[in-house]
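Each remark here refers to the structure printed beneath this line.
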Number of protein chains: 2
Amino acid sequence: MLPGYALRCRMNVLPPCLNSIKSEAPAAVRCEACPAPWMHCSVRKFQKGQYPFSQGDAQGYVYRVQSGGLTLFLSLANGRRQVVDFAFPGDLVGLGSHRQFQFTAQAITRTELRCIPRDELRLQSLKDARIASMLYETAAFQLEEAYDHILTAGQRGSEGKLAAFLLAMSRRNVHHGDDPAVVHLPMLRTDIADYLGLTAETVSRTFTNFKAQGLIKIVDQRHVRLIEPRSLVRLANAIAASG
Amino acid sequence: MLPGYALRCRMNVLPPCLNSIKSEAPAAVRCEACPAPWMHCSVRKFQKGQYPFSQGDAQGYVYRVQSGGLTLFLSLANGRRQVVDFAFPGDLVGLGSHRQFQFTAQAITRTELRCIPRDELRLQSLKDARIASMLYETAAFQLEEAYDHILTAGQRGSEGKLAAFLLAMSRRNVHHGDDPAVVHLPMLRTDIADYLGLTAETVSRTFTNFKAQGLIKIVDQRHVRLIEPRSLVRLANAIAASG
DNA sequence: CGTGTGTTTGACCAGTCTCAAGAGCCGTGG
DNA sequence: CCACGGCTCTTGAGACTGGTCAAACACACG
């Protein structure tokens with residue numbers, strides 16, 4: 001349909017030059033492949049609910065989430081939204097070859113974004129095969145997540161969808177070195193609903209449902225403890241039947 | 001969830017060396033960037049229903065569809081399938097860095113696949129930034145399509161989903177130089193259903209529904225003529241509300 | 001011309017959406 | 001410190017879509 005895409009990536013699949021941005025230190029480490037440009041990156045702060053960029057905006061930068069989080073979504077003609085992805089610290093947003101942002105970003109909480117000049121990134125990737133290759137891997141990683149999303153959203157029933165979502169968020173936790181059993185859900189129920197193709201009411205009901213079944217424990221509105229992950233896996237039967 | 005992904009691409013976003021494969025002629029054209037390896041590619045033929053590869057198979061080649069078509073899907077633990085994509089002549093299947101195929105391919109009709117050695121493609125991409133860069137663009141293109149799929153499958157209601165699907169297939173037709181008004185649907189209704197997250201019955205009913213509304217005309221089981229594309233666009237309200 | 005597969009159609013039912021109201025949480029201001 | 005207002009989340013009841021099961025039909029193949 002409409003060309004709705006962009007790239008987001010985990011920092012650890014990026015070239016070393018970009019990894020050096022990770023630390024707040026003024027870039028003691030350089031690699032010969034990547035000249036100075038990355039180091040000039042400024043940081044912008046956004047309040048909860050603000051839109052760092054909207055679909056159609058000219059895209060001059062690639063953003064790296066420093067703290068907080070983003071909801072990435074498409075606005076549809078009928079007023080609905082399709083949440084494409086969430087971005088958390090370490091994720092990159094806005095890679096790809098389009099001149100304009102293909103979707104809108106909204107800050108989930110107070111969020112800091114580091115701005116990486118897009119053109120220079122592109123120039124470097126054309127000069128250095130290692131960078132281009134890394135970008136390719138990054139895109140492939142993105143694609144993996146996108147297919148995972150298709151799989152999750154393609155689940156029949158609200159239980160399967162939400163279970164798959166919780167497990168996916170749990171895996172993200174692991175990725176950030178957090179406890180896989182306690183899932184942090186900073187986004188609104190509405191965002192989860194628009195991500196899964198459900199309504200906020202159904203999401204809420206399904207949470208209550210899981211709680212009643214003893215599958216999860218709702219610590220507070222933003223934290224869920226997974227009590228029976230195996231049961232959740234069974235519900236989210238999006239497990240490739242190998243062979 | 002599970003690492004279910006792979007790359008497929010349109011030929012025209014590939015490096016020139018790969019484009020030369022396009023013609024059946026024994027590669028009169030070479031580009032200095034790409035040495036001989038591409039030229040050795042053999043062609044394998046598959047009957048309707050056969051599986052060129054399955055998820056978990058060791059992945060030695062990247063395949064280019066010469067004729068026919070493929071359904072790419074994931075088998076789920078509960079016996080259901082999630083169709084990830086369809087591949088038609090000119091499309092590449094199996095890019096990406098995984099050692100094994102992440103999903104299964106099934107021939108829609110009699111299908112010819114050209115086999116491109118995967119390791120050599122990778123080696124070349126590491127040596128030549130242009131190839132790596134092209135692969136990156138390709139992956140970005142794939143991602144665009146994946147997000148489009150999310151959008152389509154995320155539609156509420158069967159009419160929106162099917163309308164979006166028909167329009168997407170129509171655009172593919174244009175891409176191949178065919179009439180955008182007559183959509184060719186070589187795949188099974190079941191495959192369309194598993195692509196959209198519906199059942200075959202619902203897909204069938206919705207087709208009948210569209211026909212009754214005068215939106216489409218069913219030429220034969222594999223060809224649909226779009227009578228009121230604008231109405232279909234309205235149904236598939238997956239149109240980014242710009243601004 | 002039969003057989004098997006794929007497709008259409010029908011009836012019934014489960015599940016989700018819609019609309020609506022109430023409960024909880026948080027920041028603000030008195 | 002408490003009261004207020006707004007927003008989010010939860011819960012409820014009814015309508016409706018799409019899933020399931022079952023059967024008839026159409027088509028391709030040998």
Side-chain angles (χ1 to χ4, degrees), chain A residues 47-50 71 76 78-83 106-110 153-163 165 185-213 216-224 235 237, chain B residues 47-50 71 76 78-83 106-110 152-165 185-213 216-224 235 237:
Chain A
Q47 298 301 317
K48 172 184 174 180
Q50 279 191 308
T71 302
L76 306 186
N78 57 352
R80 281 194 48 243
R81 308 185 318 162
Q82 175 65 51
V83 173
Q106 185 172 29
I108 296 173
T109 59
R110 194 160 301 184
Q155 288 284 324
R156 305 224 198 281
S158 55
E159 295 198 340
K161 290 185 180 186
L162 193 61
F165 176 72
L185 302 171
M187 71 293 284
L188 301 180
R189 296 287 187 261
T190 310
D191 294 329
I192 299 175
D194 287 341
Y195 181 83
L196 296 175
L198 297 170
T199 59
E201 292 94 327
T202 301
V203 170
S204 179
R205 267 186 265 268
T206 311
F207 268 122
T208 313
N209 194 358
F210 282 174
K211 190 176 66 179
Q213 292 181 46
I216 63 171
K217 190 172 176 181
I218 296 176
V219 182
D220 61 58
Q221 268 184 7
R222 303 287 173 224
H223 294 271
V224 171
L235 282 174
N237 32 30
Chain B
Q47 298 301 316
K48 171 184 174 181
Q50 280 192 306
T71 301
L76 306 185
N78 58 352
R80 281 194 48 242
R81 309 185 317 161
Q82 175 65 50
V83 173
Q106 184 170 29
I108 296 172
T109 59
R110 194 160 301 183
T152 300
Q155 288 284 324
R156 304 222 199 280
S158 56
E159 294 197 340
K161 289 186 182 185
L162 193 60
F165 175 71
L185 303 171
M187 70 293 284
L188 302 180
R189 296 288 187 263
T190 310
D191 293 329
I192 299 175
D194 288 341
Y195 181 83
L196 296 175
L198 297 170
T199 60
E201 293 94 327
T202 301
V203 169
S204 180
R205 266 186 267 269
T206 311
F207 268 121
T208 312
N209 193 358
F210 282 174
K211 191 176 65 179
Q213 292 181 47
I216 63 172
K217 190 173 175 181
I218 296 175
V219 182
D220 61 58
Q221 268 187 6
R222 303 287 172 223
H223 294 272
V224 170
L235 281 174
N237 33 30

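Per chain, numbering begins at 1; letters A, B, ... match sequence-line order.
- Taking atom CD on A/Glu159 and atom P on C/dA14, their separation rounds to 15 Å, with Å as the unit.
- Within 6.0 Å of CZ in A/Arg222 there are more than 12 heavy atoms belonging to other residues, nucleotides or ligands.
- Rounded to whole Å, atom C1' of D/dC9 lies 11 Å from atom CD1 of A/Ile192.
- Counting only distance, with no hydrogens or angles, the side chain of A/Thr206 and the backbone of A/Thr202 share a donor-acceptor pair below 3.5 Å.
- Rounded to an integer number of Å, the gap from B/Leu198 CG to C/dT8 C1' is 16 Å.
- Nearest-nucleotide assignment on DNA chain D puts the 5′-proximal partner with A/Leu188, out of B/Gly157 and A/Leu188.
- Between A/Gln155 atom CD and C/dG15 atom P the separation is 15 Å, expressed in whole Å.
- The CD1-C1' distance, from B/Ile218 to D/dC27, rounds to 15 Å in whole Å.
- For C/dT9, one of the phosphate oxygens OP1 or OP2 lies less than 4.0 angstrom from a side-chain nitrogen or oxygen of B/Thr208.
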Starting from the C-alpha separation in whole Å, work towards a yes-or-no answer on side-chain contact (heavy atoms from CB on, under 4.5 Å) for B/Tyr195 and B/Val203. CA-CA 11 Å; B/Tyr195 181 83; B/Val203 169; over 6 Å; no
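- Note on A/Gly197: only backbone sugar-phosphate atoms sit closer than 4.0 angstrom, heavy atoms only; bases stay farther off.
- For the pair B/Asp220 CG and C/dT7 P, the interatomic distance rounds to 12 Å; values are reported in whole Å.
- For the side chain to side chain donor-acceptor pair (under 3.5 Å) with B/Asp194, the qualifying choice from B/Arg80, B/Arg189, B/Gln82, B/Arg81 is B/Arg81, the only one to do so.
- Ranking D/dC9, D/dG19, C/dT7 by closeness to the A/Arg222 side chain, first place goes to D/dC9.
- At whole-Å resolution of the value, NZ in A/Lys48 and C1' in C/dC26 are 8 Å apart.
- Atom C1' of nucleotide C/dG6 and atom CG of B/Leu185 are separated by 15 Å, given to the nearest angstrom.
- With A/Arg205 contributing its side chain and A/Ala200 its backbone, the two residues share no donor-acceptor pair below 3.5 Å.
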side-chain contact (heavy atoms from CB on, under 4.5 Å) between A/Gln106 and A/Gln50, intermediate numbers included: CA-CA 6 Å; A/Gln106 185 172 29; A/Gln50 279 191 308; over 6 Å; no
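- Remark: the backbone N or O of A/Leu198 is paired with a side-chain donor or acceptor of B/Arg156 at under 3.5 angstrom.
- Candidate nucleotides C/dC17, D/dG18, D/dC27 were compared by shortest atom distance to the side chain of B/Arg156, and C/dC17 ranks first.
- Of the residues in residues 199-207 of chain A, those with a non-hydrogen atom less than 4.0 angstrom from any atom of DNA chain D are A/Glu201, A/Ser204, A/Arg205.
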